[in-house]
Amino acid sequence: MKRILINRIVQFLVILLIASFLLFAVTEFSPGNVAAKILGPYALDSQVRMLTGRLHLDDPLLTRYLRWLATLTGLLPNQLGGDATGLGLTDPRGAQYFGNFGFSLMQGRPIVDVLADRFAHTVTLAVWAIGLTIPISLALGVLAGTTAGSWIDRTITVITVTLTSLPEFVVSVALIFVFSASLGWLPGTSPLAQGDRWSEASQLVLPVAVLVIASSAYVTRIVRSSVVDTLARPFVRTARLKGLSPLRVTFFHVLRNALIAPITVILLQINWILTGVVVVEAIFAYPGIGRLMLEAALFGDLYLIQALTLISLTVAIATQFLGDLAYVLLDPRIRVA
Amino acid sequence: MMTPLAGTAKHDRHRKRARRLGRILFRSGSVSVALNILLFWAVVAVAAPLLSPYDPTTIDFTASLDPSPSAAHWLGTDATGRDLLSRIIWGARTTFLVVPLSVLSAFAVGGVAGMVSAWFGGWTDTIIGRAGDVMLAFPALIVYIILITSFGPSMWNIVLAVTLAYAPGVARLMRAQVLSIKSLEYVLAARAAGEGPLYIMFVEILPNVGTPLIVDLCLRTGYAVILVGTLGFLGLGLPPPTPDWGGMVVEGVNLLTLYPHISLFPAAAVTSVVIACNLLADGLRGLRR
Amino acid sequence: MLDIAGLRVAYDDGPAIVRGVDLRLRAGETYGLVGESGCGKSTIAYAVERHLEGGGRITGGTIKVDGIDVETLSPGDLRRWRGSVVSLVQQNPTTALNPSMRIGSQLLEVFAGRPGRSADDRDAQIDTVLRRVRFQDPRRIRASWPHQLSGGQVQRVTIAMALLTRPKLLLLDEPTTGLDATIEAEVATLVKEIARDAGDMALLYISHNLGLIARVADRIGVMYAGQIVEEGTARAVLKTPAHPYTRSLLASLPGNPALRPGDRLHTIPGQVPRPEDLGGGCAFLPRCPSAKPGLCDTGVALTLCEAGGEGHVARCLRLGDLADQAFAPQAHSTPARDGSPAIVEIADLDRTFRSRSRFGGASETVVAANGVSFTIGQGEIVSLVGESGSGKSTIARILTGLDTADSGRALGFGVNLAQLPAGERAAALVSAIRIIFQNPDNTLNPAHRIGRILRRALKRGGRPSGADAVADLVRAVRLPSDAASRFPSDLSGGQRQRVAIARALAGRADLIIADEPVAALDVSVQAAIIELLRDVHAGQGSAILFISHDLDLVRHISDRVVVLYRGTVVEQGPAAAVFAAPHHPYTEVLLAAVHPPDPDHDAPEMPFADDSGAGPEPGLCPFVGRCHRSLPVCRHRPAPEQRLAGQHMIRCHIDFDHSPQNTPPQPRG
């Protein structure tokens, strides 16, 4: 058991390292490019050359990657120094601290500060979405699975198949059209403007609804098919033939086994919600890191993109890791080897 | 001691199976609806120049004053006065070029990787598997954002992003399929008969990996349509003025109260294609006995 | 106790699977219901429990248990009734228990919703029942997870579970199918004991294995295509079978006592009909040697006729005409060969597998071959015998080049086969050694037509592969002439095995390796495949390496026998010598597990193999942990090879010259 755990943790770190290297390699593909991007389209060749020199962009890729890693973990100061002279940027924390991603070119501020503003907003959105998705999809999935073939199951299936086919932007537009444009019940954008309690809460409703609709439809289908598969396994028959009550059969025999597989899917869904966040935040003008990523991509804000994609990669790999771990912990065939 | 093939009954069963396939493909409501939708859009995409009443980028200033549907513009125009029907027709072209290209490329890369991984096992398998684990951490949207940050938006970057994001999943599925078939007796028999790896992979194994991969292909095509639409919607897609359904939806968002058709018609177009893909996947899943 | 009258069961809108079954069980009786796959015997058990799945429903007749009509029970009553009045033991033990619940909790759960017992009482009852199914340490078993037990142990747990509430009727649905023969014998012994001790509990034992049924049942019902075609006391049905089906089936079994060595098995033509092909007459008609047109194809043919005393009845109108007609065994054309030159000489073959679990757990080592040495002579039939995991199939894979040995030699055809993968073998060598697999469902590529499969085999064998050659092959294995244009899914299991044999014929193989070729086939078609294989052997002079767990069959067809246990050859020699005493203790256990369809057969009882754990230290006798005759020296020194008279070898410490084995061992503990 301990061995499996250590094995998994090592795997997690190795994958994170390789993924971050790929990310770094692609974003800093050609040396000249980086300096030109930082300085913008009107920079002179001499300025580009000078910055290339100061940032040691001529070093081999691996050296630069290791330096980048050391900088962001706080082992080395960043290349420009604390006051980042020449670009007119200053970082009150100095040049050496954990989480040092450098400066956002778009906002001219240290990236940690840019993130700090936005991060909590996205977490709020994601927590609400996940917190609602899990109970809704478990309840609907188990209901449909245990009543497979009935009208309840067919209704749930038709609805979930339709909803998984709808892109988030279509769902968003439809919800805005109905609840905002036509009925006027809810705001069509969610800039998290200050206001009374209701107006703040009401701004969250539509973005959360979009995320929940799209992801719970999918998870419901996974839970349903897992329940249906488990119901067909002989040990369920054994339990019934023992004369156990239907409730006992469902909870102790069906669910205990049927929910092992979907846990991985649910955790991966967290990952997916983070992608959905980009779309939803863009549509509703929601001030989170998803919209920030989009803005950074459109602006070409190199360091900000690096920071944001590294964060989402870490979350993605961590959920994979947790899903794997949950599987190991829940299945006695693996746990008790 | 002749053992007759229980003649007629056996034959009946064979015919019955063929009929079942036919029923699922052509008569079963959902699958035939799905095939018809896809066929419709494919024809529209191919024949776009013949079908579209206007040039998709020509601006009709009088229409832009009232973009609602009219006799001249059946589906109305967008806010700048471009004919919506023509733009949707040309938008089909974008979708039906980029999506199949991306998905097929993902399946080619993933399929070969999965097959090789399962067939050779050992270190090959470990390396391909680990590479897949790393790639699975990159959602398609993130891959694309990283790519355009370095290389700028282009169709080939969409194809590359989809390939990188979907190939690991395809490889896993292919690997699992090949592994389960690889140990079956008929493959062992072929190996014992001295057949080479290429013969076994393509003649003995490939025809039998079938259904789950085709189902997956349909599902992933649906996802890719969503992704391409989303990229357009986010403004990360193909540079304007190329008509692109996702981009058309976003153009109308601010006019939802007055002229909802500007967003809703292209949204319906995207949705119809995705639903068709999912229905097809669902219907084909039924083929697995 | 159980009274079934005119029961008919159908699935969805399909034809009836159970077609009018009458069955009565008295208290304290054990009834053996025997039939081939798909004949509806399991469906009866589930109908009694009122638990038909997959759209099954009772379309006629009544089922009464202890006087109560099962159909009239309310859902609540049905629940209390299940488990307390009727218990069922399912076929596949490994999937019958919840994998994520400890054994103890699953046993305790039986009492849920049944008030009136204290916790101590329940615990005591569980321990008693676990001891009853011969677990030495009930506490350890209760704390285990299902995956930690072997298949035989799990089946004993499910039997314990069924006995826990002292039911009045115990249904056993193929409780040993898929288990090793020795484990099968254990479970059968257990069932017999339970039936003896249980007083007035009635048992319905369902199996396709006539030998097992003979061992446990008081009365036997023989099912064919959804009907009971013959019923009577075990002795009457097995000793004086009346119905042509029962008679042919008994005659086709290699355990048939009338057979002499070298005789042909009686072969039953055709195959079991599918329900949708059945007409109104006798279902066995197309395969019956004494069918009479105009009589047997009408509904009258199904009349139940008196066949002897004590309620021995059969559904056949022609009983009178058949009474003296016997299936006289025919001698086989080829005499056993002896001392022919070797075509493959295997010496000191080693193969060990290391498996690592996907989740990074500890690695396991499985020894599949450990110093295996034996010789296959030209035109000989050599049998490899042993339980699953003994390494039989590994040797087959090494000889065919699907695997290579870690060390050792297999010299034949001028090369060392042990180190030569199939891909590196010359075409002539590849077609000289052909393999026939066990599972007919997977032996042919479902995407290819039979003609294409045979053409490819001919081409690889360097022979003309035109339509004529394919037709010749099809004829040689007695397949219908249109088989070449069919897909494998259009053929029955037996027919697919014929194609596999044709594939071996296509290369004019000198050595055919048959890996359990009939184990997955219906009982009534097994003999035909075995005889076809023997005809090929006789006609082409091919040697056959026959891999099997069926000792009756092995005794019947082999020239020489090699007994494997965990990769080690524990005994080998000419068939006659191996089957005659003295035996290696393991061979003794295997032989004790053989049950011919004879109610008088008295098999010596063997101790239960409770530990399925790791073997002893390398080098020592691998059987020592299970051995009922082990000596202290067995745990210190490797067992020596003893050469007895007539090329007979036994690897054991026991001094066979001075301690003749004539007393059956006493069970330990």
Side-chain angles (χ1 to χ4, degrees), chain A residues 11 14-19 21-23 26-30 33 37 157 161-162 164-174 176-177 180-182 184 188 268 271-272 274-276 278-279 282-283 293-294 296-302 305-306 308-309 312-320, chain B residues 30 130-131 133-153 164 219 222-223 225-236 245-246 249-250 252-258 260 263-264 266-268 270-279 281-282 285:
Chain A
Q11 233 176 61
V14 168
I15 291 180
L16 189 57
L17 272 182
I18 298 175
F21 176 73
L22 284 180
L23 162 68
V26 174
T27 46
E28 307 222 352
F29 196 69
S30 52
N33 217 352
K37 265 183 195 154
T157 302
V161 170
T162 315
T164 45
S165 304
L166 293 175
E168 299 88 336
F169 68 89
V170 171
V171 178
S172 311
V173 168
I176 294 173
F177 177 61
S180 180
S182 306
L268 284 176
N271 194 343
W272 179 90
L274 293 178
T275 314
V278 176
V279 179
I283 296 169
M293 188 183 297
L294 191 62
L298 292 172
F299 186 90
D301 190 340
L302 188 71
I305 287 288
Q306 280 180 350
L308 290 168
T309 44
S312 54
L313 281 184
T314 311
V315 174
I317 299 171
T319 45
Q320 269 188 37
Chain B
S30 60
R130 289 285 170 272
D133 284 348
V134 172
M135 288 315 303
L136 271 181
F138 290 84
L141 186 62
I142 307 281
V143 179
Y144 186 68
I145 286 179
I146 296 172
L147 286 178
I148 59 166
T149 310
S150 301
F151 307 108
L164 289 174
L219 287 176
Y223 298 153
V225 173
I226 293 183
L227 179 76
V228 169
T230 303
L231 292 179
F233 185 87
L234 294 176
L236 299 174
W245 291 344
V249 176
V250 78
V253 165
N254 293 328
L255 293 170
L256 266 183
T257 332
L258 292 171
S263 282
L264 294 188
V270 179
T271 308
S272 71
V273 176
V274 184
I275 287 186
C277 292
N278 284 352
L279 283 180
D282 242 34
R285 199 175 281 144

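All figures in this text were calculated on a predicted structure; none of them were measured in a lab. Order of the sequence lines fixes the chain letters, A, B, ..., with proteins taken first and strands second; residue numbering starts at 1 for each chain.
Of the atoms belonging to L264(B), it is side-chain heavy atoms, and not backbone ones, that fall under 4.5 Å from chain A. Only the side chain of S263(B) comes within less than 4.5 Å of a heavy atom in chain A; its backbone stays farther off. For Q11(A), the part lying near chain B is the side chain, with the backbone staying farther off; criterion is any non-hydrogen pair under 4.5 Å. Heavy atoms of L22(A) lying under 4.5 Å from chain B belong exclusively to its side chain. Neither the backbone nor the side chain of S180(A) comes within contact range of chain B, judged by heavy atoms closer than 4.5 Å. Interface remark: V134(B) contributes backbone and side-chain atoms alike to the contact with chain A (heavy atom separation under 4.5 Å).
Considering CD of Q320(A) and CG of D133(B), their distance stands at 6.0 Å, rounded to 0.5 Å. Summarising the geometry, atom CG belonging to N278(B) is positioned 5.0 Å from atom OG1 belonging to T164(A); distances are rounded to the nearest 0.5 Å. Rounding to the nearest 0.5 Å gives a distance of 5.0 Å between CG of L234(B) and CG of L294(A).
Closest approach of I226(B) to F169(A), counting heavy atoms only: O-CE2, 4.2 Å. The heavy-atom pair separating T271(B) from S165(A) by the smallest distance is CG2-O, 4.4 Å.
Interface summary for chain B: among V161(A), V173(A), I317(A), T162(A), the most heavy-atom pairs under 4.5 angstrom belong to V173(A). Of all the listed residues (L302(A), L298(A), I305(A)), the one sharing the greatest number of non-hydrogen pairs under 4.5 Å with chain B is I305(A).
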Exercise. Could you walk me through whether V249(B) and V170(A) pass the side chain to side chain contact (heavy atoms under 4.5 Å, CB included) check?
Worked result: CA-CA 8 Å; V249(B) 176; V170(A) 171; 5.5 Å; no

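Counting only residues at least two apart or in different chains, side chain to side chain donor-acceptor pair (under 3.5 Å) contacts with residues 134-145 of chain B are absent.
Every side-chain contact (heavy atoms from CB on, under 4.5 Å) that L164(B) has, sequence neighbours left out, goes to M135(B), V143(B), L160(B).
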